[in-house]
Amino acid sequence: MGNKLFVGNLSFSMDDVGLEEIFTECGTVQSARVIKDRSSGRSKGFGFVEMGNDDEASDAIEKLNGAERDGRNITVAEAKPKPDRG
DNA sequence: GTTGAGCGTT
């Protein structure tokens, strides 16, 4: 179990700060990033969060997976490794 | 709207 989380089904109005605000209520947020199109800067509707430790990460999954944010039920799960070349 | 980037050449 790692401390890196995948967060899906985000509103397109979500940003890095908003994502951090959601997860800081469940523990220490080391970093939070909403993935955006690298050319247009528009949200891709998902993001990644690194918690302070695996326990906080696990807790955040339990508490925030399926939680409603901005009218959408967000997905929270442990992140899979990045592909070799994005 | 669901698993992340950017540099820059063979």
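Within every chain, numbering begins at 1; the chains are lettered A, B, ... in the order of the sequence lines, protein sequences first and strands thereafter. Since this is a predicted model, take the numbers as computed values, not measurements.
- Put simply, the side chain of Thr75(A) does not reach to within 4.5 Å of the side chain of Val7(A), judged on heavy atoms.
- As rounded to whole Å, 14 Å separates atom C1' of dG4(B) from atom CG of Leu5(A).
- With rounding to whole Å, Leu10(A) atom CG is found 12 Å from dT3(B) atom P.
- A close approach under 4.0 Å does not occur between any side-chain nitrogen or oxygen of Arg72(A) and OP1 or OP2 of dT2(B).
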Legend entry - Audit row: Phe23(A), Met51(A), side chain to side chain contact (heavy atoms under 4.5 Å, CB included) steps and yes/no: CA-CA 8 Å; Phe23(A) 281 81; Met51(A) 299 303 291; 4.0 Å; yes

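- Taking only side-chain atoms of Ala77(A), from C-beta outward, the nucleotide of dT3(B), dG4(B), dT2(B) with the closest atom is dT3(B).
- Spacing between atom CZ of Phe48(A) and atom C1' of dA5(B) amounts to 12 Å, rounded to whole angstrom units.
- Remark: ring of Phe12(A) does not overlap the six-membered base ring of dG1(B) in a stacked fashion, as centroids less than 5.5 Å apart with planes less than 30° apart are not both met.
- Among Val76(A), Leu19(A), Thr24(A), the single residue meeting the side chain to side chain contact (heavy atoms under 4.5 Å, CB included) criterion with Val49(A) is Leu19(A).
- Note: CG (Leu19(A)) to P (dT2(B)) measures 17 Å, nearest angstrom.
- Atom NZ of Lys44(A) is separated from atom C1' of dT3(B) by 9 Å (rounded to the nearest Å).
- For Phe46(A) and dT2(B), the ring-to-base geometry does not satisfy the stacking test (centroid distance below 5.5 Å, interplanar angle below 30°).
- Put simply, CD on Glu78(A) is 12 Å from C1' on dT3(B), counting in whole angstrom units.
- The interatomic distance linking Ile74(A) (CD1) with dG1(B) (P) rounds to 14 Å, in whole Å.
- With a 4.5 Å cut-off on side-chain heavy atoms, Asp70(A) and Met14(A) do not count as touching.
- Here the side chain of Arg38(A) is nearest to one of dG6(B), dT3(B), dG1(B), namely dG6(B).
- A distance of 9.0 Å separates CZ of Arg72(A) from CG of Leu10(A), quoted to the nearest 0.5 Å.
- Atoms CE (Met14(A)) and P (dT2(B)) sit 16 Å apart, rounded to a whole Å.
- Toward the 5′ end of DNA chain B lies the nearest nucleotide of Ser11(A), the other residue of the pair Ser11(A) and Arg33(A) mapping further downstream.
- Distances from the side chain of Lys80(A) to the nucleotides dG1(B), dT3(B), dG4(B) place dT3(B) closest.
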